[in-house]
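The sequence lines fix the lettering, A, B, ..., with proteins before strands; numbering per chain opens at 1.
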Amino acid sequence: MADTTDKASAVRIVPRTLKGFRDYLPEQMLVREQLIETARRVYRSYGFVPIDTPALEYLEILEGKGGAESDKQMYRFQDHGGRWVGMRFDLTVPLARYVAQHLGQLDLPFKRYHIAPVWRGENTQRGRYREFLQCDFDTIGAESVAADVETALVIHDLMHALGIRQFTIRINNRMIFNGWAERWGLQQQAAAILRTLDKLGKIGPAEVERELREVVRLDERPAAELLQMVTAQGSNDELLRRLDQWGAGSPLSREGVERLRQIVDGFAAATGASLRLKIDPAIARGLDYYTGPIFETYLDELPSIGSVCSGGRYDDLAGLYCRQRLPGVGASLGLDRLLAALEELHLVEPVRTAAPVMIAFFDERYYHPYLQLATRLRQAGIGVELYAEPKKLAAQLKYADRRGFRYVIVAGTDEFQAGFCRVKDMRSGQQVDCSLADDAAQLVAFLTQALSERRPQS
RNA sequence: GUGGCUGUAGCUCAGCUGGCUAGAGCAUCAGAUUGUGGCUCUGAGGGUCGAGGGUUCGAAUCCCUUCAGCCACCCCA
């Protein structure tokens, strides 16, 4: 028809995606899903339960909760009913609303995990997108250090389960800083000071001091004192001792140091390996709502990509939505950033198939027997893909090779008439014959055995 | 959001100061090998030179705008 022709030659819409928003190819999704599954397993192993919340919230719920910066980055608009709404930029603020709203139905301490996308309209960079997946876990309504220790432990187990061996959880306690600010009457400038401190790793102590003096307008003595604390180096024990001396003039600071000590001790007791948790007085974190211990997790081999799992304690987040004071502690795994890092470090094994076995669609006349064989194997719990069309065997094997199938089943007239099929191991190239008698029992047994053998871990 | 670099085939890139029908490697498809992949050889297909506009006899090449990616600042997962 003329219409069709016109349509084909008419202006085509350019297929494209928004800046910072991405499509995921199957091989990427297979890895993503695997990581998500791992995170889920670890969270559940500590008793965290899943929740979900809407992507969209009333603007008043989200506004002003993550500091001025997240307000600027938030996607906001009026919906069809003229309501001002915003897309969530993290999972912590929605959690606060959620807890306040459902307090009656929740058992405290409430331990939940939440794996969902969040949106931030900031400039993109490697490992930094406008839509990305966060994997949060938090404990609400527990003030004890036990919840802090557990947060560190979950991060530790998480990294381990994700196959990452070279990582460091850096920990600090905001109370130490807050005690200092209190002593000097600088609570008002706290946020600005923290923001400057956060640059320490990048611009160095001298620049930070200069900025503290000139931009934040600190006097010489408090600035020098702060620098002394923040640049302290040494083992966890040494740092605890020094920080304790340093904060001697402030009960709050000393309490913070003591808490840090308890976390380090608890972590060591649980893991027997305290090296992964390192006290770092320079960790500041820009987010305003943290009040206690704070965590950042860096990959030792790629620190430049930033923290892949961060969090901390906030003692009054839900206070904005309800009267009850609800302390909480938790952290967030940045799955997309982690994945970008793993890819760069070549730590992701490319997987292109979801099923390990392929049946070659080799002879059209045996279509039904192929279907029956596939069904039989699936019933036995073996993932099977029947090649989508009858085609040259060489092409099918090539496809199987590229997609990474472990085994290909080849059967044509000769085999079916003799009652067996050939099973080709795609790695070794070797073939074995399996009888199809007795509902293909031999084939099922062979594949079950072969696939259960653990792949050698890289 | 501000500044810098980049954008040529599915991928990685070449194409010098504007000038023949825009190339290579890998990948794809076909054949050599009518029922056996990864190697080899032969051949084929595939390009709005990111998009739009401008300068010019002539633009992948120069200018402007725009979109996207990367890097720095900022902030952060």
Fill in: Electrostatic pair A:Arg365:A:Asp363 at N-O distance under 4.0 angstrom
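A salt bridge is present here (some side-chain N lies under 4.0 Å from a carboxylate O).
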Worksheet item: Is it true that A:Asp336 and A:Arg32 make a salt bridge, defined as a side-chain N closer than 4.0 Å to a carboxylate O?
Response: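 Salt bridge between A:Asp336 and A:Arg32, a charged N being under 4.0 Å from a carboxylate O: yes.
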Item to complete: Would you check if the side chain of A:Arg174 reaches a backbone N or O of A:Tyr290 as a donor-acceptor pair within less than 3.5 Å?
Response: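 Pair found, side chain donor or acceptor close to backbone of A:Tyr290.
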Fill in: Side-chain (A:Arg88) to main-chain (A:Thr53) donor-acceptor, under 3.5 angstrom
yes
Output the rounded distance in Å from [atom1] ([X]) to [atom2] ([N]).
X        : N     : atom1 : atom2 : value
A:Glu211 : B:C73 : CD    : P     : 12 Å
A:Arg22  : B:C70 : CZ    : C1'   : 14 Å
A:Asp71  : B:C76 : CG    : C1'   : 15 Å
A:Leu25  : B:A27 : CG    : P     : 19 Å
A:Leu393 : B:G31 : CG    : P     : 14 Å

Mind checking who [N] pairs with, Watson-Crick or G-U wobble, both distances under 3.5 Å?
N     : answer
B:G7  : B:C67
B:C49 : none
B:U28 : B:A44
B:G1  : B:C73
B:U21 : none

Nearest to the side chain of [X], which nucleotide is it out of [options]?
X        : options             : value
A:Leu397 : B:G69, B:G37, B:A77 : B:G37
A:Asn123 : B:G1, B:A27, B:C74  : B:G1
A:Lys398 : B:G37, B:A77, B:A27 : B:G37
A:Arg128 : B:C75, B:A77, B:U28 : B:C75
A:Met426 : B:C75, B:G37, B:U28 : B:G37
A:Arg126 : B:G35, B:C70, B:A77 : B:C70
A:Asp198 : B:C76, B:G37, B:A77 : B:C76

What contact category does [X] fall into here, base, sugar-phosphate, or nothing, at under 4.0 angstrom with non-hydrogen atoms?
X        : value
A:Glu415 : base
A:Gly311 : nothing
A:Arg120 : base
A:Gln396 : nothing
A:Gly121 : nothing
A:Asp414 : base
A:Lys392 : sugar-phosphate
A:Tyr129 : base

Item to complete: Decide yes or no, distance alone: a donor-acceptor N/O pair under 3.5 angstrom between the base of B:A77 and the side-chain of A:Glu296.
Response: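 By the distance-only test, no, there is no pair.
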For the [atom1] atoms, the ones on [N] and on [M], what distance do you get once it is rounded to whole angstrom?
N     : M     : atom1 : result
B:C76 : B:G53 : C1'   : 38 Å
B:A22 : B:C29 : C1'   : 23 Å
B:C20 : B:C49 : P     : 15 Å

Worksheet item: If you find the nucleotide of RNA chain B closest to A:Lys19 and the one closest to A:Lys424, which residue's nucleotide is nearer the 5' end?
Response: A:Lys424
Practice prompt. Give the C-alpha distance, both sets of side-chain angles, the deciding distance and a yes or no for salt bridge (charged side-chain N to carboxylate O under 4.0 Å, His left out) between A:Arg276 and A:Asp300.
Written response: CA-CA 10 Å; A:Arg276 300 264 77 103; A:Asp300 296 350; 3.4 Å; yes
Fill in: Pi stacking test for A:Phe362 and B:G35: under 5.5 Å apart, planes under 30°
no
Worksheet item: When A:Phe361 is tested against each of A:Tyr387, A:Tyr370, A:Tyr399, A:Tyr366 for ring pair (Phe, Tyr, Trp, His ring centres under 6.0 Å), which residue passes?
Response: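 Answer after filtering A:Tyr387, A:Tyr370, A:Tyr399, A:Tyr366: A:Tyr370.
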Worksheet item: Does B:G1 have OP1 or OP2 sitting under 4.0 Å from an N or O in the side chain of A:Gln73?
Response: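 Looking at the OP1 and OP2 atoms of B:G1, neither is under 4.0 Å from any side-chain N or O of A:Gln73.
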Discussion item. Is the phosphate of B:C70 approached by A:Thr124 (side-chain N or O, under 4.0 Å from OP1 or OP2)?
Written reply: yes
Item to complete: Show the numbers, then the answer: is there a salt bridge (charged side-chain N to carboxylate O under 4.0 Å, His left out) between A:Arg97 and A:Glu57?
Response: CA-CA 10 Å; A:Arg97 191 225 83 221; A:Glu57 298 269 4; 2.6 Å; yes
